[in-house]
Amino acid sequence: MNPWAVMQRFGPSTSGGGGFPSTWNAAMAALPGLWGWWKLDETAANGVTAADSSGNGRSGTYLTAGTRGTGLIGASAFSQTTLGASVSLPQYSFPTNAKITVGAVIKTSISSSDEQQILSGDSSSRAFQFRKNVTTHALEFVTINPSVTITTGVAAINDGNPHLVMVVVDQTLPAASGVVKLYVDGVLDKASTTAITISGGLSPFLGIGTRSGGDNTGLWGGSIDECFFCADALAADRIAALWAVRNS
């Protein structure tokens, strides 16, 4: 098995702009449509609760034991020494023309061809995967129902450095405006230019570091910190502001 990367903090902090909160926790708490926010500060063990810091009571459950490392953001984060880490999360019910944002702080140096999920909703009600591409090791967002569509980013994220990664989905936009947008470290990495939808009525269980809650496939190979899910499409200026306060 491939080793998991050891976590380390980001560089010097800067203040947020555009009227957004100037600290990480305040900026996270103020995200529009914040549905769940899992800091992953716990000492991981099978059955341990992964607390939801959004205030919505959507805590998850660790499915494996792990090593508690220095946090990429905050005091600590979920860091394992072997592949096999995952967190089972509650279900999210997709409305028609859903807007969502999925994000996390990750660190990995793994270059294998293994499918590696960051945060996905691919249980029996199959909706999406947010993962690392198996060949280029860039970000990738996959929709599954009503049809499989793949948006692959440009920048490789397996360089052993911490990255704030996000995908923004806004199904109210025309295809040419980028229904799916991938962000790395506060900057747009890739926008789709094709028609992309996620079927309304799907209710997948979500999972961190796995294809879905309770699944043991597509396991992430690296460190994951500060995962979040918003039932809204974050604007580019807010994403940039979140990156600016990453270590405050």
Side-chain angles (χ1 to χ4, degrees), residues 1-10 38-46 48 50 60-74 76-89 102-123 126 128-142 144 150-167 182-185 189-190 204-229 246:
M1 289 186 177
N2 293 308
W4 286 54
V6 177
M7 293 191 170
Q8 62 183 209
R9 292 179 69 85
F10 284 103
W38 306 275
K39 293 187 175 185
L40 305 178
D41 287 343
E42 300 83 10
T43 299
N46 188 34
V48 168
T61 304
Y62 290 92
L63 302 180
T64 54
T67 300
R68 188 179 186 188
T70 301
L72 296 173
I73 287 179
S76 60
F78 192 21
S79 176
Q80 293 237 29
T81 55
T82 59
L83 291 175
S86 59
V87 178
S88 176
L89 299 176
V102 180
V105 184
I106 59 91
K107 182 179 177 183
T108 184
S109 58
I110 292 176
S111 299
S112 73
S113 60
D114 295 333
E115 177 188 310
Q116 294 173 34
Q117 304 290 334
I118 300 170
L119 194 158
S120 297
D122 184 15
S123 55
R126 306 190 68 191
F128 74 92
Q129 297 180 6
F130 184 40
R131 66 190 191 190
K132 179 172 77 67
N133 179 273
V134 299
T135 303
T136 65
H137 311 294
L139 286 179
E140 193 161 74
F141 184 77
V142 182
I144 302 170
I150 301 175
T151 303
T152 304
V154 177
I157 57 171
N158 65 326
D159 57 2
N161 295 312
H163 295 288
L164 175 61
V165 297
M166 296 188 209
V167 59
L182 297 169
Y183 288 84
V184 177
D185 298 341
D189 181 57
K190 181 64 178 289
F205 285 95
L206 305 183
I208 297 171
T210 180
R211 280 178 52 183
S212 64
D215 204 329
N216 62 353
T217 56
L219 299 173
W220 176 255
S223 300
I224 301 180
D225 199 1
E226 300 284 335
C227 288
F228 63 93
F229 187 101
R246 61 194 179 275

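All residue numbers in this chain count up from 1 along the given sequence.
To the nearest 0.5 angstrom, Ile118 atom CD1 is 10.5 Å from Glu140 atom CD. Here the straight-line distance linking atom OG of Ser88 with atom CG of Leu63 works out to 5.5 Å at 0.5 Å rounding. Separating the CG atom in Asn161 from the NZ atom in Lys107 is a distance of 7.0 Å, to the nearest 0.5 Å. Remark: Lys132 NZ to Thr108 OG1 distance equals 6.0 Å, nearest 0.5 Å. From Ile106, atom CD1 reaches atom CG of Asp225 across 11.0 Å, with rounding to the nearest 0.5 Å. Taken from CD in Gln116 to OG1 in Thr210, the straight-line distance is 12.0 Å, to the nearest 0.5 Å.
Closest approach of Asp185 and Pro162 over heavy atoms only: OD1-O, 4.3 Å. Here the closest non-hydrogen pair linking Leu206 and Gly121 is CD2-CA, 3.8 Å. Contact between Phe205 and Leu89 at its shortest, heavy atoms only, is CD2-O, 3.6 Å. A pairwise comparison of heavy atoms in His163 and Asp159 identifies NE2-OD1, 2.9 Å as the closest pair. Contact detail for Gly153 and Lys190: the closest heavy-atom pair is CA-CB, 3.8 Å. Of all the heavy atoms in Ser123 and Pro204, the pair that sits closest is OG-CA, 3.4 Å.
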Carefully, step by step, assess Val87 and Trp38 under the rule side-chain contact (heavy atoms from CB on, under 4.5 Å).
-> CA-CA 10 Å; Val87 178; Trp38 306 275; 6.0 Å; no
Given Leu40 and Tyr62, is the side-chain contact (heavy atoms from CB on, under 4.5 Å) satisfied, shown in steps?
-> CA-CA 9 Å; Leu40 305 178; Tyr62 290 92; 3.7 Å; yes
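Residues that satisfy the side chain to side chain donor-acceptor pair (under 3.5 Å) test with Arg126, not counting sequence neighbours, are Asp122. Residues that satisfy the side-chain contact (heavy atoms from CB on, under 4.5 Å) test with Thr136, not counting sequence neighbours, are Asn133, Ala138, Thr152. Listed by chain and residue number, nothing satisfies the side chain to side chain donor-acceptor pair (under 3.5 Å) test with Asp189 (two or more places apart in sequence, or in another chain). Under the rule for a ring pair (Phe, Tyr, Trp, His ring centres under 6.0 Å), the partners of Phe141 that lie at least two apart in sequence or sit in another chain are Phe128.
Put simply, the side chain of Leu139 reaches to within 4.5 Å of the side chain of Phe130, judged on heavy atoms. Contact check for Ile208 versus Trp220: no side-chain heavy atoms found under the 4.5 Å cut-off.
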